[in-house]
There are 2 protein chains.
Amino acid sequence: MSGPGHAHARIGTPGAGRPVARATMKDVAALAGVSLKTVSRVVNGEAGVSAAVRERVEHAASRLDYSHNVHASNLRRASSRTGTVGALLQDVSNSFSASLLRTLEDVARARQTAVLAASLDEEEDREIALVRGLVARRVDGLVLMPATSRHEYLAAELRAGLPTVFVDRLPHGVDADSVTVDNVLGSRHAVEHLVRHGHRRIAVLLDLGTIQTAQDRLRGCREAMDAAGIPADDRVEVRDLRTSDAAEAAVRAFYRGGPSPTAIFAGRNDLAIGAVRALRSLGLSHRVAVIGFDDFPLADLLDPAMTVVRQNVGQIGAEVGRLLFARIAGDTSPPRRVVIEPTLVVRGSGEIRPS
Amino acid sequence: MSGPGHAHARIGTPGAGRPVARATMKDVAALAGVSLKTVSRVVNGEAGVSAAVRERVEHAASRLDYSHNVHASNLRRASSRTGTVGALLQDVSNSFSASLLRTLEDVARARQTAVLAASLDEEEDREIALVRGLVARRVDGLVLMPATSRHEYLAAELRAGLPTVFVDRLPHGVDADSVTVDNVLGSRHAVEHLVRHGHRRIAVLLDLGTIQTAQDRLRGCREAMDAAGIPADDRVEVRDLRTSDAAEAAVRAFYRGGPSPTAIFAGRNDLAIGAVRALRSLGLSHRVAVIGFDDFPLADLLDPAMTVVRQNVGQIGAEVGRLLFARIAGDTSPPRRVVIEPTLVVRGSGEIRPS
DNA sequence: CTGTCTCGTGACAACGTTGTCAGGACGATT
DNA sequence: AATCGTCCTGACAACGTTGTCACGAGACAG
């Protein structure tokens with residue numbers, strides 16, 4: 001207690017402990033009067049330690065608040081798993097990424113694995129920096145919803161055997177597992193649905209043109225329109241919409257002496273919400289049809305309830321987890337591309353007929 | 001290429017690399033024809049390496065796909081930071097936890113720190129196990145939205161100086177930083193608001209009674225009702241509601257020959273949503289007032305738009321980040337208890353008068 | 001030419017842990 | 001009594017890295 005290092009150490013207050021070094025196996029060994037290796041045996045529950053010694057060690061460990069250092073342990077161990085995986089998603093606060101993270105977390109926890117989560121916000125540099133950080137932390141696996149469109153920068157890691165699963169977007173330039181949604185199909189179905197309800201002037205709201213899913217969704221729309229003989233119309237095809245507010249403004253513009261579409265397909269859930277806000281304020285929410293891509297909480301409570309193309313997030317997350325941990329467990333079969341079919345959820349807003 | 005270990009190693013396929021060991025500084029040193037220590041100097045950008053040697057080392061490193069091992073580095077370094085913090089939240093897929101995580105992540109990223117995220121789902125054992133795991137991983141700090149009601153189990157860690165910030169719920173039995181919302185105040189304001197609009201039969205929906213915030217919210221309601229001279233009524237005070245569905249069922253029961261409250265205060269956002277579903281299906285959504293605790297996306301788009309008590313999540317997250325990283329940076333001042341005042345956001349559902 | 005100083009580089013120990021192996025105590029077998 | 005095997009325990013090296021120190025080469029002053 002009077003040692004120089006402890007002189008001013010208070011107990012139980014936040015900053016008090018910094019000077020107090022953590023107890024190591026060596027300290028526990030000294031207190032228990034055994035060798036370091038014996039402590040290691042006890043801590044790891046190995047056989048070949050007498051009950052008396054085991055008890056002495058455990059007592060010493062708890063008296064010193066000993067906590068195992070997994071980093072040192074992994075460093076020494078033969079085939080070191082860090083028990084950590086990384087998840088780089090678009091934005092952990094949006095409901096799609098958040099649900100995905102949650103499902104992955106559940107799978108990981110069942111395997112004693114922790115999840116490092118981060119948001120990319122479609123920033124390419126951030127993705128590359130974060131991947132580097134995760135590799136430096138020696139994560140056992142990586143789940144990636146990429147912001148980049150080319151993934152050669154990952155080649156070395158993949159070659160080194162880093163289990164990697166792409167989600168929502170396909171890998172380009174490297175070969176890796178992926179779990180994606182058939183965006184072309186989903187948006188084609190949505191637009192076909194609108195056409196079937198009599199629409200010919202259908203607006204399309206889309207995210208950043210650099211994002212794969214946005215491109216695919218556009219393609220799906222075009223296919224459906226081509227099949228219906230509806231010519232492409234630049235005035236109602238708005239791209240590079242990043243926010244709900246941008247979508248709202250775009251939709252407002254449609255009806256200010258503009259093309260006045262009778263239906264709107266929104267290529268992302270918050271764009272759909274922006275569209276609803278605009279229509280609501282224009283008094284058009286019961287006169288213009290809306291279908292959004294990606295379901296969201298409360299879509300059924302809006303008025304009219306929103307018809308959406310649903311990506312089954314639970315299924316996506318489960319597939320991602322399954323693939324990732326199979327690789328971590330040593331599965332070396334060729335990369336798999338799991339494609340999940342989205343479904344149209346009919347709720348009302350997509351069934352409004354043109355007036 | 002003909003070495004025995006590489007004979008069957010394919011390139012670029014997921015499982016190909018497992019047998020290929022990662023290059024270490026030793027390997028880089030050998031290839032560059034320098035000592036290991038020189039590689040360390042180059043990798044860490046230390047001074048005292050000639051340009052020629054530096055270039056040779058960098059070239060060798062990239063040829064071997066060398067990646068720095070932060071765990072070994074931290075182990076050796078004097079004052080080791082792992083550059084990782086842990087966030088144990090209620091459920092990373094609910095919008096409150098997710099937003100909090102997101103804000104924390106932004107603060108952390110600015111400090112080159114990664115975030116380990118996990119959900120507790122109000123399970124006490126899981127909290128304890130996860131904290132142990134985070135400590136074993138030597139996180140630099142911990143953000144905790146506890147499922148437990150007593151926190152003595154953290155005493156040793158706090159004593160050892162683990163920077164810890166409680167969020168949404170206060171620490172009990174130990175002294176630590178916290179950022180909470182004044183739940184009593186918020187719910188008192190909500191009920192006062194209902195009383196002011198003429199309500200005397202006000203139902204209260206609450207989460208698990210073991211959760212601190214639920215207790216506080218109940219207390220706030222009671223204070224407001226006492227002040228208004230409204231006697232407590234067990235029939236309209238429903239506790240231990242875990243899900244939106246449970247809330248929906250409870251509200252349905254109110255109007256099946258039950259007490260028929262003229263207003264409902266829901267102590268959590270998804271309970272409020274359950275209430276809305278029930279009222280909607282009973283055709284009462286414009287006749288019974290509803291106020292929810294905690295704002296949520298689209299609350300303004302419901303019909304009627306929902307009046308809520310808003311906890312400013314951005315502010316909470318920012319405070320948590322600020323406190324946590326101040327501690328990590330060495331701040332040893334006494335623990336702080338930051339309390340944030342929630343505000344009533346008036347939107348319509350809370351201003352319906354009794355019929 | 002010698003001595004000193006600086007600069008670039010390397011040898012070695014150490015961080016906290018685990019795998020390998022060897023040794024001592026003890027009871028059982030010859 | 002000598003030999004063997006079993007059980008428990010410890011000494012030591014190693015994982016990949018960095019801090020410390022020492023050494024050799026060249027520059028420069030005396």
Side-chain angles (χ1 to χ4, degrees), chain A residues 20-58 60-61 64-84 133 135-140 160, chain B residues 20-58 60-61 64-83 132-133 135-140 160:
Chain A
V20 180
R22 237 170 215 301
T24 70
M25 284 192 175
K26 197 164 122 185
D27 303 321
V28 176
L31 181 59
V34 298
S35 84
L36 194 161
K37 175 68 215 198
T38 297
V39 176
S40 169
R41 274 193 266 259
V42 172
V43 167
N44 289 289
E46 287 174 32
V49 181
S50 68
V53 170
R54 179 177 302 275
E55 221 242 317
R56 226 165 61 225
V57 170
E58 274 162 357
L64 295 175
D65 297 327
Y66 172 77
S67 152
H68 195 53
N69 184 333
V70 296
H71 297 133
S73 175
N74 285 330
L75 184 59
R76 182 56 179 87
R77 270 188 215 291
S79 159
S80 64
R81 295 263 171 80
T82 53
T84 308
V135 170
R137 285 183 175 77
R138 296 292 187 269
V139 290
D140 296 334
Chain B
V20 180
R22 238 171 215 299
T24 69
M25 285 192 173
K26 197 163 119 184
D27 302 321
V28 176
L31 182 59
V34 298
S35 82
L36 193 160
K37 175 68 216 198
T38 298
V39 177
S40 169
R41 275 192 267 258
V42 172
V43 167
N44 291 289
E46 287 173 30
V49 182
S50 69
V53 169
R54 179 176 302 275
E55 221 240 318
R56 228 166 58 225
V57 170
E58 275 162 358
L64 294 176
D65 298 326
Y66 172 77
S67 154
H68 196 53
N69 184 333
V70 298
H71 297 135
S73 175
N74 286 331
L75 183 58
R76 182 56 178 86
R77 271 190 214 292
S79 159
S80 66
R81 294 263 171 79
T82 53
R132 206 193 313 282
V135 169
R137 284 184 175 77
R138 295 295 187 266
V139 290
D140 296 334

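Below, chain A is the first sequence line, B the second, and so on; all start at residue 1. Both backbone and side-chain heavy atoms feed into the values below; hydrogens, waters and symmetry mates do not.
- Applying the side chain to side chain contact (heavy atoms under 4.5 Å, CB included) test to Asp27(B) and every residue at least two apart in sequence or in another chain returns Ala23(B), Thr24(B), Leu64(B).
- An angle of 70°, rounded to 10°, separates the two end axes of the helix from dC1(C)-dG30(D) to dT30(C)-dA1(D), each defined over five pairs.
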Report, one pair per line, the protein and nucleotides 9-13 of chain D atoms (nitrogen or oxygen only) whose separation is under 3.5 Å.
from	atom 1	to	atom 2	distance (Å)
dT9(D)	OP1	Ser50(A)	OG	3.0
dT9(D)	OP2	Ser50(A)	N	2.8
dG10(D)	OP1	Ser35(A)	N	3.4
dG10(D)	OP2	Ser35(A)	N	2.9
dG10(D)	OP2	Ser35(A)	OG	3.2
dG10(D)	OP2	Thr38(A)	OG1	2.6
dG10(D)	N7	Arg41(A)	NH2	2.6
dG10(D)	O6	Arg41(A)	NH1	3.4
dG10(D)	O6	Arg41(A)	NH2	3.4

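- A straight line from NZ of Lys26(B) to C1' of dG10(C) spans 15 Å, rounded to a whole angstrom.
- As rounded to whole Å, 12 Å separates atom P of dT17(C) from atom NE2 of His71(A).
- Residues Thr84(A) and Arg137(B) approach most closely at OG1-NE, 3.3 Å, considering heavy atoms.
- Among the protein residues, Ser40(A) comes within range of the nucleic acid bases, having at least one heavy atom under 4.0 Å from a base atom.
- Whole-Å rounding puts the Met25(A) CE to dA14(D) P distance at 20 Å.
- The heavy-atom pair separating Asp140(A) from Arg81(A) by the smallest distance is OD1-CA, 3.5 Å.
- Residues Val39(A) and Val34(A) come closest through the heavy atom pair CG2-CG2, 3.9 Å.
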*Along nucleotides 22-27 of chain C, 5' to 3', which nucleotides get a B, which get an S, and which get a -, given that the test is a protein heavy-atom distance under 4.0 Å?*
------
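- Heavy atoms only, all atoms of each residue included: Ala47(B) and Arg41(B) are closest at O-CD, 4.2 Å.
- Between the CG atom of Asn69(B) and the P atom of dC15(C) there is a distance of 18 Å, rounded to whole Å.
- Checking the phosphate oxygens (OP1, OP2) of dT18(D), a side-chain nitrogen or oxygen of Asn44(B) falls inside 4.0 Å.
- Between the CD atom of Glu46(B) and the C1' atom of dT9(C) there is a distance of 12 Å, given to the nearest Å.
- Per the geometry, CZ belonging to Arg138(A) stands 15 Å off P belonging to dC15(D), to the nearest Å.
- The distance from atom CG of Asn74(B) to atom P of dG16(C) is 12 Å, rounded to the nearest whole Å.
- With dT17(D), dG16(C), dT18(C) as the candidates, the nucleotide lying closest to the side chain of Leu75(B) is dG16(C).
- For the pair His68(B) and dT18(D), the criterion of a side-chain N or O lying under 4.0 Å from OP1 or OP2 is met.
- Residue pairs meeting the side-chain hydrogen bond (donor to acceptor under 3.5 Å, both in side chains) criterion with at least one partner in residues 28-38 of chain B, sequence neighbours excluded, are Ser35(B)-Thr38(B).
- Two residues are said to be in side-chain contact when any heavy atoms from C-beta on lie closer than 4.5 Å; Asn74(A) and Arg138(A) fail this criterion.
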*Please lay out, stage by stage, how Arg22(A) and Val135(B) fare under the test side-chain contact (heavy atoms from CB on, under 4.5 Å).*
CA-CA 11 Å; Arg22(A) 237 170 215 301; Val135(B) 169; 3.7 Å; yes
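- With sequence neighbours excluded, no residue forms a side chain to side chain contact (heavy atoms under 4.5 Å, CB included) with Glu55(A).
- Considering CG of Asn69(B) and NE2 of His71(A), their distance stands at 9.5 Å, rounded to 0.5 Å.
- Going from atom CD of Glu46(B) over to atom OG of Ser40(B) covers 5.5 Å, rounded to the nearest 0.5 Å.
- A heavy-atom distance below 4.5 Å is found between the side chains of Val43(A) and Tyr66(A).
- Atom pair Arg81(A):CZ and dT18(C):P shows a separation of 17 Å (rounding to whole Å applied).
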